[in-house]
Chemist: 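Okay, handing you the structure first.
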Amino acid sequence: MENTNQTLLDVRDLRISFFTDEGEVRAVDGISFSMKPGETLAVVGESGSGKSVTAMALTRLVPSPPARYLGGEIIFKGRDTLKLSPEELRRVRGAQISYIFQEPSTSLNPVFQIRSQIAEAIELHRRDVKDVDAEAERLLTLVGIRDARLRMGDYPHQLSGGMQQRVMIAMALACNPSLLVADEPTTALDVTIQAQIMELLKELKQKLGMAIMLITHNFSIVADIADNIAVMFRGKIVEYGPTQRVLHEPQHPYTKALLECIPRLGAHKHRLKTINHAEIEAALGR
Amino acid sequence: MPLLEVKNLKVYFPIMGGVIRHKIGEVKAVDDVSFAIEPGETVGLVGESGSGKTTIGRAILRLLEPTAGEVRFDGHDITHASERELRPLRKQMQMVFQDPFGSLNPRMTIASIVGEAMKIHFRQMDRNARRDRIAELLRRVGLKPEHMNRYPHEFSGGQRQRIGIARALAVEPKFIVCDEPVSALDVSVQAAIINLLQDLQEQYRLTYLFIAHDLAVVEHISDRVLVMTQGKIVEAASSEEIYERPQHPYTQKLIAAVPKAF
Amino acid sequence: MTATAANSAALAAKPQTLWSTAWRQFRRNRLAAACLWIIVIYVGIWLYAESVYWTAYLRDVVPSYKVTDFDARNAAPSLRHWLGTDFTGRDNVAQLIQGVRIAFEIAILSSAILIPLGFLLGALAGYFGRWVDNAIIWLYSVVDSVPSILSIISISYVVGRGMKGIVIGMGLVAWVGLCRLIRGEYLKHKQRAYVAAARALGAGHLTVMLRHIAPNVLHIVIITFTLLFPRFILTEVILSYLGVGIANEPSWGVMINDAKQRLWLGVWWELGGATAAMFFLVLALNIVGDALRDALDPKLKTAEGSAT
Amino acid sequence: MTAYIIRRLLTVIPITLGVLLLVFFIYRVIGGDPAARLAGKNATPQKIEQIRKQYGFDKPKFFNWQEAAKTGSPAAAFDSQFWHLVGQFAQLDFGKSLQSNQRISRMLADGVVPSLCVTTPIFLVELSVAIALALICAFYRGTRIDRTFVVVSIVAMSISGLVYIMMGQYFFAFRLRWFPVWGFESPAFLLLPVAIGVIAGIGGSLRFYRTIMLDEMYQDYVRTAFAKGCSQREVLFKHVLKNAAIPILTNVVVAIPFLYTGSLMLESFFGIPGLGRMTVDAIYTGDEPVLFAMVFIGSVIFVIANLVTDLLYTWADPRIRLQ
């Protein structure tokens, strides 16, 4: 593992826009943040805040056209991924930075068995592995799938939503990446399954020590896993800092409002506080 | 006298299979459920996906035929009532839906969406009276009346839910089934819709069956909460009791799974 | 009452129907817009041809395009006859113009049969399901199991040569494609929440089928017509070659077949003229049909395969 | 899965019966008096009457209630035109040709091989070329290469197959003498017809398979494959192609009816003694029994092709195979 104080990821003034028939949509409007090895950063924001585009941009997975990288740098282990050649970029994807997505049911290839989808991830970056099947089985057990040997032969549609997400995690960890990007990993899952997947991610973080970037709209799930939180609103980072500080002493009015309007179990408040968008716009100096 | 009474409600869907597509089994979506709702009360119905909560909502409004049991609304047994018998009752019970993009007819203007309810149930109203009523309803749910000639795709998710609520209000109902009305919305917009529903309840003395999978939202808005899993109601109690003293292991598991933010 | 301005902000100046947004997207496709102009020109020619036909018909006189001139037989293209004359001395250009009329008449009359039939059966099958659906599925599977060319030939053969045979043949075969699409759309929309809302208001089946769902699927009729029109034209050519097509009227099929013998004598302009006349209309319709589908319903799967 | 296969096999019976009903309906019900048509143009009433007796057109069309009532046995109700036909066709007896008085089943047997020699190569070549080009379009999607293929295929589609045949025969056979103009003596005779058949149909097929490929490119599993570090080639040939096989198999059956048109035209133009040419001759000479049989047999072949592709498609899609 690299020495821990060196920054793993440094995003500087990243700018990405979508050019559609209705004109330019500034999805990511000049954001900067950085991550240390082993750190967990939660990027929280509502729909349209640009959080997913940011995550996907790390390894240039945002389809362009219609998107275009207008500016900024993404320095990962000292090199700007925006400038990497396709060949170099492919060596980063899956080996250094890997992803899990929101809809596990559609993110897995429906006509391939679990075994071959995980094996492919291993063979892409780890030619040295002799017994790929055994390694695949180890990974499935690592992510908490019982009787992994049996499950290897299944197709994605034969597994439950929670199991499919565990397979995605196993596939992402196949080449022990330095950074795991989780784009709304539990949004499509029931609350009980969501708790299990978050528990699993926390476990893997301690066991494997890889950095995690967690993208979500749900503030509640970030509290006990994230080291830092970045709050995004319409393509900008409006708040960025250690978890406890952001949750308990939010600076920006948007963060304050967002935290207050979440209904909390047992709070017995009669009315929820709503967001006054005009006030936020003013604060953003738009 | 409760506004709505459900006794031993069962809704089974046949599973077709085999060579000649005969019934080889059945899905017990709602399996012997009983509860009652008093006028002016908000009863929360919480459960994970596939627990059968939406099916109950649809069975009560007779959007599907119950397999067994009894549904009494305002004293009338509507379990197997014909469409003609149901028509007057339709005026008194309405529904707000989850999917803001699917709940409004994309090819109809807001005026005709909200107006249609009145055309069916208040035939004696002429065009101008109807337009005034629509304007008043839109204002009431926080939208500008001059947008009544616009089409659904021109509005945001939150605005569409408000239009759906205006449509439900148009027939001056007593009882509204809110089927996951805020699940598809962002948190900030969610809060505004929940407040709106509460205001409307106070002003029009409405009764709600509030269906959702988010325990915190249900607990916030409901007087009483029913917890449901695999087609059965496993626990029913006031919203404070459910949170402080959950009895059934499933409820305990549900509450434990809700992430404690801070 | 929190009527914050935010929740009614950001609306465009004037109302945007789905049709106007689709039209704006269609117009951005310059190739399709150009092809639309080609079609408009053909419509102009069609109307002119109709006037020529009907004035002659009403005056009970031989129309100009049928006037034979034996000593000008097989004339090469000249100033008087831009594309020369056929084996009976009739002017080729005049006949090609009538070919436009025949093509439009075949498309419109066939559609007058297939669109109501396909739409009605598709809606009934999709909306009511169960035995209605199974019966209609059996019906269109049977009709679809007979290769379209064979069933059209049979109907034209039995009904007799001429427009009537072709129109009935194509109409009674081509409705299956539209029926399948409409059935799929009704199945999809039936599950939508706005239909449940209408039912909850007490709207009857008929109201839901016609007032609520129908407007959401009408665009499919336009797309299907635009994509079927060129295939009607290409099918007419084959029917006329097989002798069950158009009789004693200068359709493009008839002209191509007549030109066949003389091609070997080096008379290429008759075949070239008819092929060109057909080509631009069929090409324009294919391009416009595709652009309409992308603008109105990008996810629509119209399985059209290759032209006959 | 086996239930699905058995049910799918069983559906062939109502469909085939339905096809016979449809063809019977066209030739015996809606088209005026079949006897008059068979008797030919200037036939005497006696001749028409004689034909009506000979072909049993005097019997009721579907159910013979009088007979059943008279003889009291319900079986007699089936003594009608349609059910006689069912019995006759069931024993593969398709009657005799009006022109050559030859047994039609014999003619069918002779015609199958030449027709297959033309249509099968067209089908296979067109399918493989179209899919290969579609893959290229997907690989270079959005570039000039992709756009040119789209335009070329739409242009190719907009020209009548008949014109392709005429031009092809005139230039390559008559003027340049590269290929024989007529006849069916050796495979060389097939080269030009097959080439023309492929060119006439490739436009539509390419456009169709290109849409299928592009639809797959926008699926979530493709994004996952790229995120894993797969290259464009791996994504296309490993992930997309195997998924695309399902819609391709489901819709390949759409291309088959166009083969019939191809066989009709190519065989009559190039003198290939196949089913297509027999059908064309039957139309020209008014040989209705042959036409009737050709349409029915053509449909049965198509129903079987439909069945085969349906079973292949369910086998290719694990979501159905392991239901």
Chemist: Which heavy atom in Val187(B) sits nearest to a heavy atom in Leu258(A), and how many Å separate them?
Modeler: CG1-O, 4.4 Å

Chemist: Which region of Gln196(A), side chain (C-beta onward) or backbone (N, CA, C, O), has a non-hydrogen atom less than 4.5 Å from a non-hydrogen atom of chain B, or is it both or neither?
Modeler: neither

Chemist: Kindly check if the number of other-residue, nucleotide or ligand heavy atoms within 6.0 Å of NZ (Lys202(A)) is above 12?
Modeler: yes

Chemist: Mind checking the CG-OG spacing from Asp214(B) to Ser220(A)? Nearest 0.5 Å is all I need.
Modeler: 8.0 Å

Chemist: Determine, step by step, whether Cys261(A) and Gln190(B) satisfy the side-chain contact (heavy atoms from CB on, under 4.5 Å) criterion, reporting the C-alpha distance in whole Å, the side-chain angles of both residues, the deciding distance to 0.1 Å, and the verdict.
Modeler: CA-CA 8 Å; Cys261(A) 64; Gln190(B) 208 176 69; over 6 Å; no

Chemist: Quick check for you: to the nearest 0.5 Å, what is the distance between Ile194(B) atom CD1 and Arg271(A) atom CZ?
Modeler: 11.0 Å

Chemist: Within a strict 4.5 Å, meaning less than it, do heavy atoms of the Ser188(B) and Glu46(A) side chains meet?
Modeler: yes

Chemist: Any idea which heavy atoms bring Glu219(B) and Arg264(A) closest together, and the distance?
Modeler: OE1-O, 4.0 Å

Chemist: Is the backbone of Thr192(A) close enough, under 3.5 Å, to the side chain of Glu48(B) for a donor and an acceptor to pair up by distance?
Modeler: yes

Chemist: Look at atom CZ of Arg245(B) and say whether more than 12 heavy atoms of other residues, nucleotides or ligands are closer to it than 6.0 Å.
Modeler: yes

Chemist: Are any of the side-chain heavy atoms of Leu215(B) and Leu265(A) separated by less than 4.5 Å?
Modeler: yes

Chemist: Would you indicate whether Gln230(B), at its atom CD, is surrounded by more than 12 heavy atoms from other residues, nucleotides or ligands within a distance under 6.0 Å?
Modeler: no

Chemist: Taking all non-hydrogen atoms of both residues, which atom of Asp190(A) and which atom of Ser49(B) are closest, and how far apart?
Modeler: OD2-OG, 2.8 Å

